[in-house]
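First the structure, in the form of structure tokens, and then the observations on it.
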Amino acid sequence: MNHAETVKLLQDLLQVPSPSGNTYEIISFVEAFLSELQIETKRNRKGGLIATLPGQDSLHHRMLTAHVDTLGAMVKEIKTNGRLKLDLIGGFKYNSIEGEYCTIETSSGKKYSGTILMHQTSVHVYKDADKAERNQDNMEVRIDEKVHSADDVRALGIEVGDFISFDPRVEITPSGFIKSRHLDDKASVAILLQLIKRIKTDNITLPYTTHILISNNEEIGYGGNSNITPETVEFLAVDMGAIGDGQSTDEYTVSICTKDASGPYHYELRKRLVKLAQENGIQYKLDLYPFYGSDASAALRAGHDIIHGLIGPGIDASHAFERTHQQALEQTAELLFHYIQSDMLL
């Protein structure tokens with residue numbers, strides 16, 4: 001695949017705000033990309049997008065999924081001082097967004113910039129600013145408008161329930177690192193979209209009809225638990241590999257998950273992914289993610305009778321100030337390219 005093109009596509013995806021619950025714009029972006037390739041797509045009622053690639057065997061299907069929804073927040077309360085109290089969307093901590101620039105989007109579509117701060121930020125005023133707990137009561141959004149009261153804020157059209165997205169701060173370094181919020185999971189979305197483009201432009205015939213689900217509710221637990229055809233045998237989530245103490249995953253390889261908080265992934269599928277990587281010179285790591293769940297595990301919980309797997313590029317500082325390397329994207333893309341042309345476990 002054209003890996004430079006994948007990175008450029010990833011940059012474009014990262015610039016589109018898409019917190020869980022407010023993903024219409026990003027799904028439309030993906031839809032337009034696939035439409036240019038003349039790929040058949042449809043939206044499900046949850047707002048996700050499904051692309052279908054016909055294969056030689058239409059009785060046995062594959063499904064691959066990645067998610068465009070990201071962490072974010074909602075306006076919990078409009079405070080009397082003209083600032084906003086937050087309620088988090090997705091599994092992360094308040095300390096990971098302290099000092100972050102953000103955008104508040106009203107229900108009418110107006111957008112206002114702001115900054116997420118501790119109420120007790122100024123060390124010239126608050127002696128124990130460093131000791132205050134980072135939580136919902138102490139953190140607030142400072143809006144970049146002349147507001148002094150709740151009435152001033154409401155006059156802008158801002159109301160409880162409005163979405164708040166975080167500035168991704170995308171940066172590509174000369175050494176090949178990609179730094180940004182929301183690499184989980186827009187990195188894998190970019191990889192899947194480029195994979196579809198490669199299949200289309202190279203006129204590759206797949207052995208099995210393959211569906212690509214771009215889900216939009218993964219961060220809240222149910223992006224990929226529906227719209228799985230009865231013919232689907234294998235369901236592969238393409239998400240991220242988590243890096244930290246005790247983990248083998250790194251920023252340069254594709255991570256193949258053996259187990260997460262939901263339990264072990266399908267053993268035979270995992271072994272086949274490893275074999276494909278070894279046969280094709282793909283750099284990989286096997287790993288367990290102790291506090292992690294995927295759209296594949298959501299599908300199993302929903303009762304689907306499938307063979308499930310999980311892979312993705314290794315990403316450092318997940319759900320915070322994320323980073324990966326172009327090599328991890330390349331290795332993930334190559335494993336997927338060989339996987340979708342391989343025999344299934346029938």
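From Ile311, atom CD1 reaches atom OG of Ser188 across 7.5 Å, with rounding to the nearest 0.5 Å. For the atom pair CD of Gln326 and CD of Glu330, the computed distance is 6.5 Å after rounding to the nearest 0.5 Å. The CG atom of Asp12 sits 11.0 Å away from atom NZ of Lys186, with the distance rounded to the nearest 0.5 Å. Atoms CD1 and CG, on Ile340 and Leu195 in that order, are 4.0 Å from each other to the nearest 0.5 Å. The distance from the CD1 atom of Ile214 to the CD1 atom of Ile196 is 6.0 Å, given to the nearest 0.5 Å. Atom CD of Glu231 sits about 10.5 Å away from atom CE of Met63, to the nearest 0.5 Å.
Judged by distance alone, the side chain of Thr23 and the main-chain N or O of Ser20 form no donor-acceptor pair under 3.5 Å. No donor-acceptor distance shorter than 3.5 angstrom exists from the side chain of Asn217 to the backbone of Ile220, with no hydrogens or angles considered. Judged by distance alone, the side chain of Asp287 and the main-chain N or O of Thr249 form a donor-acceptor pair under 3.5 Å. Proximity of a side-chain donor or acceptor of Tyr112 to a complementary backbone N or O of Leu156 within less than 3.5 Å is detected. Between the Tyr289 side chain and the Gln247 main chain, no donor and acceptor come within less than 3.5 Å of each other. Side chain of Asp69 to main chain of Glu218: a donor-acceptor pair is present (N/O by atom type, distance under 3.5 Å, no hydrogens or angles). Looking only at distances, no side-chain donor or acceptor of Asp295 sits under 3.5 Å from a matching main-chain atom of Ala298. Listed for the Thr232 side chain is no donor-acceptor partner under 3.5 Å among the backbone atoms of Glu234. Distance alone, capped at 3.5 Å, is enough to place a donor-acceptor pair between the Thr201 side chain and the Lys197 backbone. Using a distance-only test at 3.5 Å, with no hydrogens or angles considered, a donor-acceptor pair links the side chain of His304 to the main chain of Asn225.
Under the 4.5 Å side-chain heavy-atom criterion for Ile, Leu, Val, Met, Phe, Trp and Tyr, Phe166 and Leu117 are members of distinct hydrophobic clusters. Linking ILVMFWY side-chain heavy atoms closer than 4.5 Å, directly or via other members, places Leu336 and Leu37 in a single hydrophobic cluster.
Listed here is the closest heavy atom pair of Asp130 and Arg134: O-NH1, 3.8 Å. A pairwise comparison of heavy atoms in Tyr208 and His60 identifies CB-O, 3.4 Å as the closest pair. Closest approach of Gly281 and Gln331 over heavy atoms only: O-OE1, 4.2 Å. Smallest separation of non-hydrogen atoms from Asn44 and Gly48: OD1-N, 2.7 Å. Contact detail for Ile143 and Val147: the closest heavy-atom pair is CB-CG2, 4.5 Å. Summarising the geometry of Phe235 relative to Ile306, their closest heavy-atom pair is CB-CD1, 3.5 Å, with the distance given to 0.1 Å.
Seen from the ring of Phe321, Arg181 counts as a face-on cation partner, given the 6.0 Å and 45° thresholds. By the 6.0 Å and 45° rule, Arg43 stacks over the aromatic ring of Tyr24.
Counting heavy-atom neighbours within 6.0 Å of Glu279 CD, excluding the residue itself, gives a total above 12. Remark: Tyr126 OH is packed, more than 12 non-hydrogen atoms of other residues, nucleotides or ligands lying under 6.0 Å away. Other residues, nucleotides and ligands place more than 12 heavy atoms under 6.0 Å from the CG atom of Asp202. Shown here is Lys46, whose NZ atom has more than 12 heavy atoms of other residues, nucleotides or ligands within 6.0 Å.
Identified under the ring pair (Phe, Tyr, Trp, His ring centres under 6.0 Å) test for residues 322-346, with sequence neighbours left out: Phe177-His325, Tyr252-His325.
Checked for salt-bridge contact, Glu145 and Lys111 miss the test: no charged N lies under 4.0 Å from a carboxylate O. Classification of Glu322 and Lys179 as a salt-bridged pair fails, no side-chain N sitting under 4.0 Å from a carboxylate O. Ion pairing between a basic and an acidic side chain is recognised when a charged N comes within 4.0 Å of a carboxylate O; Glu251 and Lys285 show no such pairing. Between Lys271 and Glu268 there is a salt bridge, since at least one side-chain N of the basic residue sits less than 4.0 Å from a carboxylate O of the acidic one.
For Glu159, the salt bridge (Lys or Arg N to Asp or Glu O under 4.0 Å) test picks out Arg154, with sequence neighbours left out.
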Item to complete: Given side-chain hydrogen bond (donor to acceptor under 3.5 Å, both in side chains), test Asn22 with Glu105 step by step and report yes or no.
Response: CA-CA 10 Å; Asn22 188 15; Glu105 182 178 343; 3.3 Å; yes
Discussion item. Using side-chain hydrogen bond (donor to acceptor under 3.5 Å, both in side chains), reason through Glu5 and Gln194 one step at a time and then give a plain yes or no.
Written reply: CA-CA 8 Å; Glu5 202 173 273; Gln194 284 294 103; 3.1 Å; yes
Worksheet entry | Step-by-step side-chain hydrogen bond (donor to acceptor under 3.5 Å, both in side chains) determination, Arg62 to Ser342 | CA-CA 11 Å; Arg62 275 193 173 111; Ser342 67; 3.1 Å; yes
Worksheet entry | side-chain hydrogen bond (donor to acceptor under 3.5 Å, both in side chains) assessment of Gln120 paired with Asn138 | CA-CA 7 Å; Gln120 311 92 322; Asn138 290 334; 3.2 Å; yes
Atom pairs and distances, side-chain donor-acceptor, residues 82-92, under 3.5 Å, sequence neighbours left out:
unit_1	atom_1	unit_2	atom_2	d
Arg83	NH1	Glu140	OE2	3.1
Lys85	NZ	Asp137	OD1	3.4
Asp87	OD1	Gln136	NE2	3.0

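Side-chain contact of His67 with Asp184: a donor-acceptor pair under 3.5 Å is present, judged by distance alone.
Checked against the 6.0 Å centroid criterion, the rings of His308 and Tyr265 qualify as a close aromatic pair.
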